Number of protein chains: 2
Amino acid sequence: MRVEKASSTKIKNTKQRELILNELRKLMSHPTAEELYKIVVKKNPKIGLCTIYRNLETFYKQGLVGKICTKPVRYDGDMSKHSHIRCTSCGKIGDIFFNVPINPVEIQKLGYKLQGYKIEITGLCSSCIKKQKREE
Amino acid sequence: MRVEKASSTKIKNTKQRELILNELRKLMSHPTAEELYKIVVKKNPKIGLCTIYRNLETFYKQGLVGKICTKPVRYDGDMSKHSHIRCTSCGKIGDIFFNVPINPVEIQKLGYKLQGYKIEITGLCSSCIKKQKREE
DNA sequence: AGATAAATGAAAATGATTCTCATTATCATT
DNA sequence: AATGATAATGAGAATCATTTTCATTTATCT
């Protein structure tokens, strides 16, 4: 008889979970939990904000959604390979589709096992560039 | 007569500021404000935690230190070009010295003005790899 | 259907960070 | 060195995103 490993808790499919994931996937933006809550609560007025928080984290751990560690945290329903650019002036986050070659072997040499990587580019978005010019 | 732009407030050199920056630069780690506070307060017992927070943000905006947007936020006294790898198991952050070519022109095409970029690599550090194997 | 385990909702708790404001320190000038 | 202007400090309160707790509900398995 041997001791089992800590049980991998089985995730249950609830209506809330489905609703949250669907609504996030519909969006082209990168909403915060709060922002997504405001959308979701229209379809299910009984849902609680903490359910959004909980499920977004679960989705992220399952690899179903992306997470952008700004403050507040933002989530991304689009899992295609892309990077983000954040405007340092207004905070807006845009998508950038281009590849950066990261070599897993290089990482292995350093003693790490590569799991993923994220590139966060910072810059000024077009509307903030215009705004800045007007102020000069 | 023309209206001047909002004054660029002059930064004053205080003993606290100097102490905080020096201590951060001595470290090879990526401390949180709290962690740095514990070091700094030994040399200046009257210093307040909020002074650490304030100055770290100021240093970051001045481009004197790096900022790693984990939670809690971590700062980096080493401004040489490098990336970070964060262990998804223990949270430890290591330095990785390798270059990723980001082309400012590509970013410009998308309407943005490139300011900087960060690569955050996630993986398992060597000690967490060992730990995982032991548990299997 | 009944048992089991996980998810929910509500409210409270947490924890990092930021704000306020009275006081103090710095810096450029007299 | 004294002055005046302005920025920084320290203390505590406030904020805000996020997480925890716990009683209840729901999903899934047999």
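Everything numeric here is computed off the predicted structure, so don't read it as measured data. Letters A, B, ... mirror the listed sequences (proteins, then strands); counts begin at 1.
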Discussion item. By nearest atom, which of the nucleotides C:dT18, C:dT8, D:dG10 is closest to the A:Arg17 side chain?
Written reply: C:dT8
Worksheet item: When you check every protein heavy atom under 4.0 Å of nucleotides 19-26 of chain C, what one-letter string (B, S, -) results, 5' to 3'?
Response: BB----BB
Worksheet item: So does A:Lys15 pair up with A:Glu18, basic N to acidic O under 4.0 Å?
Response: no
Fill in: Check ion pair B:Glu35-B:Lys38 (N to O, under 4.0 angstrom)
no
Expressed as a whole number of angstroms, how long is the span from [X]:[atom1] to [N]:[atom2]?
X	N	atom1	atom2	answer
B:Leu56	C:dT18	CG	C1'	14 Å
B:Lys67	C:dA16	NZ	P	16 Å
A:Ile68	D:dA17	CD1	P	17 Å
B:Ile11	C:dA28	CD1	P	14 Å
B:Leu49	D:dT9	CG	P	13 Å
A:Phe59	C:dA7	CZ	P	11 Å

Item to complete: Heavy atoms only: give me the nearest B:Arg74-B:His30 pair and the separation to one decimal.
Response: NH1-O, 2.8 Å
Item to complete: State plainly whether one hydrophobic cluster holds both B:Val41 and B:Phe59, where clusters connect Ile, Leu, Val, Met, Phe, Trp and Tyr through side-chain heavy atoms under 4.5 angstrom apart.
Response: yes
Item to complete: Ignoring hydrogens and angles, tell me if any N or O in the side chain of B:Arg86 forms a donor-acceptor pair with the backbone of B:Gly91 under 3.5 Å.
Response: no
Response to the item:
DNA chain C nearest-nucleotide lookup for B:Pro72 and A:Ile20: closer to the 5′ end is A:Ile20
Worksheet item: Of all of residues 24-48 of chain B, which get a heavy atom below 4.0 angstrom from DNA chain D, listed by number?
Response: B:Lys46, B:Ile47, B:Gly48
